[in-house]
A.B. asks: 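The structure under discussion is supplied below as structure tokens; questions concerning it will follow.
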Number of protein chains: 2
Amino acid sequence: MTIVLKPIRPKKISEEIVEQIKGLISNGDLKPGDRVPSERELASMLGVSRPSVREAIMVLSAMGFLEARQGGGTFVRALTETSIMDPLAKLVEKKDPELLRSLVEVRMGLESWSAFLAAQRADDDDLAELRRIYAVMEKQAARGGWDSTVDAEFHYAITAASHNSLQMHVLDSIHSIFHATIQVALMEFYQEEGHIQKLLTHHREIMEAIAAHEPELARQKMMEHLALVEDKMAQLLNDKDK
Amino acid sequence: MTIVLKPIRPKKISEEIVEQIKGLISNGDLKPGDRVPSERELASMLGVSRPSVREAIMVLSAMGFLEARQGGGTFVRALTETSIMDPLAKLVEKKDPELLRSLVEVRMGLESWSAFLAAQRADDDDLAELRRIYAVMEKQAARGGWDSTVDAEFHYAITAASHNSLQMHVLDSIHSIFHATIQVALMEFYQEEGHIQKLLTHHREIMEAIAAHEPELARQKMMEHLALVEDKMAQLLNDKDK
DNA sequence: ACTCGTAATTTGGTATGACCAATTTTCTAA
DNA sequence: TTAGAAAATTGGTCATACCAAATTACGAGT
């Protein structure tokens, strides 16, 4: 039997202060716009040194709860002002080309694996859902349009068909970052003449491979599809560099 | 026309440090588990005072990028540990067989993808590292032993050879959960007579495929290897059910 | 009495140095 | 070779001083 005991973490003073102030904010003693006591005051109130208070304020600022203005004071910020982004998203937000490439690549690996699994396990319900979404896609494509929302739905349905909750969760996280960063930029490429038909063909082939329960084929088709996406993104990045 | 000019914010030097370190993490110079230079070192490197460095580290810790241990040092955390894995790790804690199966499966997808990428990009340094670890593995196997730590090292080196920092972080998170749950339980199977030689062969084949820069072969060999692991785990779960 | 500019005060930002506590490493003795 | 102790390393906390920006208070000029 494996004994798993959680590591004891000595609580740092600054963390304790963070908790307290966060408590004051959450229960309404400190409202947005309020000015929190100065660092020196807080330090003497809490009976700790100023650096400790300062570290706590730093953390709270990084979390978006407080905002410090030199000479002015420290104020409580409205929580809606700052969208609390996931650590991953925060890392990618600066649009480093190398990172975006990594992101698309990771997605490629996960999605092709989803397609593989889906081709092994998709039941009638899964296939019906895929066909429904594809029909919508086809109709829009006939009018020369391409809705990235429907596109995302399609890919999500595939992962759902993998019947693996963890895979769904992980891929969903990657997906959300993908949408928040490059999806929009890729839209113009999607709209280009000829691309829509190619995309439609890709999705149909993927769907058919899954329906035929051919894992390797499904994986390969998904790879081809996402390779195109990666290629487009590479072009986009190169244009920017110029 | 609404003129939106962003208020000029005097950049604090701690924020500058945060940016720099975040950059090092995102482009892979700092990998999960790596040890960051000590506060005093960083301070002298950057030409700033220690409190400034300290505040930066505080912020990064609060964001989940770093983890500081008193007396030990400051280490890079896998990015997905908090955003994706926290809820997941709790789910897997209860050892739901279905979830464990999912975990191994996700790992299989990610690892085979890593092997694929590694076979495309591994340079001489990567290959040298792989060969070094394999040599250790071989020596231990000759004495009838199998060290799961070295095993993990091998797989980690493969992901490192993929030269994709995001892939490294995602897989590292999955790995940590894997170790916390079933790795230990699988040990007894590893130790069985005949298995060690088979495992050794698997790793050698994977390594050779990567060295030969044959992505598809590397992927396939990795799949075969992890399929064995999955098989063993299935046996283990069935035994428990009885 | 009001306005405006300037000086004094307040407040956050940075730096230095010191000491403590936990950890890791190194060394030593059995 | 190994186990335990000493030393070095590293994060955690504190005290203090000074700088820079913002606020406030004050006083001269209208």
Side-chain angles (χ1 to χ4, degrees), chain A residues 5-22 24-25 30 32-77 82, chain B residues 5-22 24-25 30 32-77 139-140 143 145 149:
Chain A
L5 34 207
K6 46 191 168 206
I8 302 171
R9 47 169 183 217
K11 33 188 163 184
K12 290 180 281 190
I13 280 190
S14 61
E15 285 181 356
E16 193 112 356
I17 302 176
V18 167
E19 297 260 337
Q20 282 204 38
I21 296 183
K22 213 156 60 167
L24 291 180
I25 294 178
L30 282 177
D34 279 1
R35 197 177 68 197
V36 3
S38 73
E39 297 179 352
R40 291 168 178 85
E41 273 182 74
L42 281 176
S44 75
M45 276 192 220
L46 295 165
V48 298
S49 74
R50 197 178 147 212
S52 295
V53 172
R54 210 177 145 61
E55 281 177 358
I57 290 180
M58 265 297 172
V59 170
L60 287 166
S61 300
M63 290 200 243
F65 288 112
L66 298 181
E67 179 176 9
R69 285 197 297 261
Q70 179 169 315
T74 305
F75 300 85
V76 179
R77 247 184 9 174
T82 59
Chain B
L5 47 172
K6 43 186 176 269
I8 302 173
R9 49 168 188 201
K11 25 190 150 188
K12 291 179 278 192
I13 94 176
S14 64
E15 286 180 353
E16 193 111 355
I17 301 176
V18 167
E19 289 290 324
Q20 282 205 39
I21 296 184
K22 219 157 59 161
L24 290 180
I25 294 178
L30 285 176
D34 273 5
R35 198 179 145 151
V36 138
S38 74
E39 297 180 351
R40 292 168 178 84
E41 273 182 73
L42 281 175
S44 77
M45 276 191 214
L46 296 164
V48 299
S49 73
R50 199 179 144 211
S52 296
V53 172
R54 206 175 149 62
E55 282 175 358
I57 290 180
M58 270 291 164
V59 171
L60 287 166
S61 301
M63 289 195 213
F65 289 111
L66 298 180
E67 179 176 7
R69 284 199 295 265
Q70 178 169 333
T74 305
F75 300 84
V76 178
R77 263 173 83 176
K139 186 191 280 182
Q140 288 181 334
R143 297 186 318 197
T149 307

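Owing to the predicted nature of the structure, the values given are computational and were not obtained by experimental measurement. Here is the naming used below: chain letters follow the sequence lines, and residue numbers restart at 1 for every chain.
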A.B. asks: Please pick, from C:dG13, D:dT10, C:dT11, the nucleotide with the shortest atom-to-atom distance to any side-chain atom of B:Arg35.
C.D. replies: D:dT10
A.B. asks: Within a strict 4.5 Å, meaning less than it, do heavy atoms of the B:Glu19 and B:Lys22 side chains meet?
C.D. replies: yes
A.B. asks: Any chance you could lay out the side-chain contact (heavy atoms from CB on, under 4.5 Å) test for B:Val59 and A:Val59, step after step, and finish with the verdict?
C.D. replies: CA-CA 5 Å; B:Val59 171; A:Val59 170; 5.6 Å; no
A.B. asks: Measure CD1/B:Ile13 against C1'/D:dA20 and give the value in whole Å, please.
C.D. replies: 14 Å
A.B. asks: Apply side-chain contact (heavy atoms from CB on, under 4.5 Å) to B:Ser61 and list each qualifying residue two or more places apart in sequence or on a separate chain.
C.D. replies: B:Ile57, B:Leu66
A.B. asks: Taking only heavy atoms on the protein side, list every residue of residues 43-56 of chain B lying under 4.0 Å from any atom of DNA chain D, sorted numerically.
C.D. replies: B:Arg50, B:Arg54
A.B. asks: In this structure, how many angstroms lie between the P atom of D:dG12 and the CD1 atom of A:Ile17, rounded?
C.D. replies: 14 Å
A.B. asks: Can you name the residues that form a salt bridge (Lys or Arg N to Asp or Glu O under 4.0 Å) with A:Arg50, not counting sequence neighbours?
C.D. replies: A:Glu39
A.B. asks: Please find the pair of heavy atoms, one from A:Ile13 and one from A:Ser52, that lie closest to each other, and give the distance.
C.D. replies: CG2-CB, 3.9 Å
A.B. asks: In this structure, how many angstroms lie between the P atom of D:dT9 and the CZ atom of B:Phe75, rounded?
C.D. replies: 16 Å
A.B. asks: Provide the closest heavy-atom pair for B:Ala68 versus B:Thr74 in the form atom of the first, atom of the second, distance.
C.D. replies: CB-OG1, 3.9 Å
A.B. asks: Can you tell me the distance, in whole Å, between the CD atom of A:Glu15 and the P atom of D:dG12?
C.D. replies: 9 Å
A.B. asks: Among residues at least two apart in sequence or on other chains, which ones pass side-chain contact (heavy atoms from CB on, under 4.5 Å) with A:Ser44?
C.D. replies: none
A.B. asks: Check side-chain contact (heavy atoms from CB on, under 4.5 Å) between A:Arg35 and all other residues, then give those that pass, not counting sequence neighbours.
C.D. replies: A:Phe75
A.B. asks: Using OP1 and OP2 only, check whether a side-chain N or O of A:Thr74 sits under 4.0 Å from C:dG12.
C.D. replies: yes
A.B. asks: Between D:dG11, C:dG13, D:dT13, spot the one nearest the side chain of B:Glu39, thanks.
C.D. replies: D:dG11
A.B. asks: Does C:dG13 have OP1 or OP2 sitting under 4.0 Å from an N or O in the side chain of A:Arg69?
C.D. replies: no
A.B. asks: Provide, to the nearest angstrom, the distance between the CD atom belonging to A:Glu67 and the C1' atom belonging to D:dA22.
C.D. replies: 14 Å
A.B. asks: Give me, pair by pair, the N or O atoms of the protein and of nucleotides 3-6 of chain D that are less than 3.5 Å apart, along with how far apart they are.
C.D. replies:
none

A.B. asks: Go through the structure and list residues passing side-chain contact (heavy atoms from CB on, under 4.5 Å) with A:Gln20, not counting sequence neighbours.
C.D. replies: A:Leu46
A.B. asks: Between the base of D:dA22 and the side chain of A:Gln70, is there any donor-acceptor pair under 3.5 Å?
C.D. replies: no
A.B. asks: Pick the nucleotide of DNA chain D nearest each of A:Arg40 and B:Pro37; which residue has the one closer to the 5' end?
C.D. replies: B:Pro37
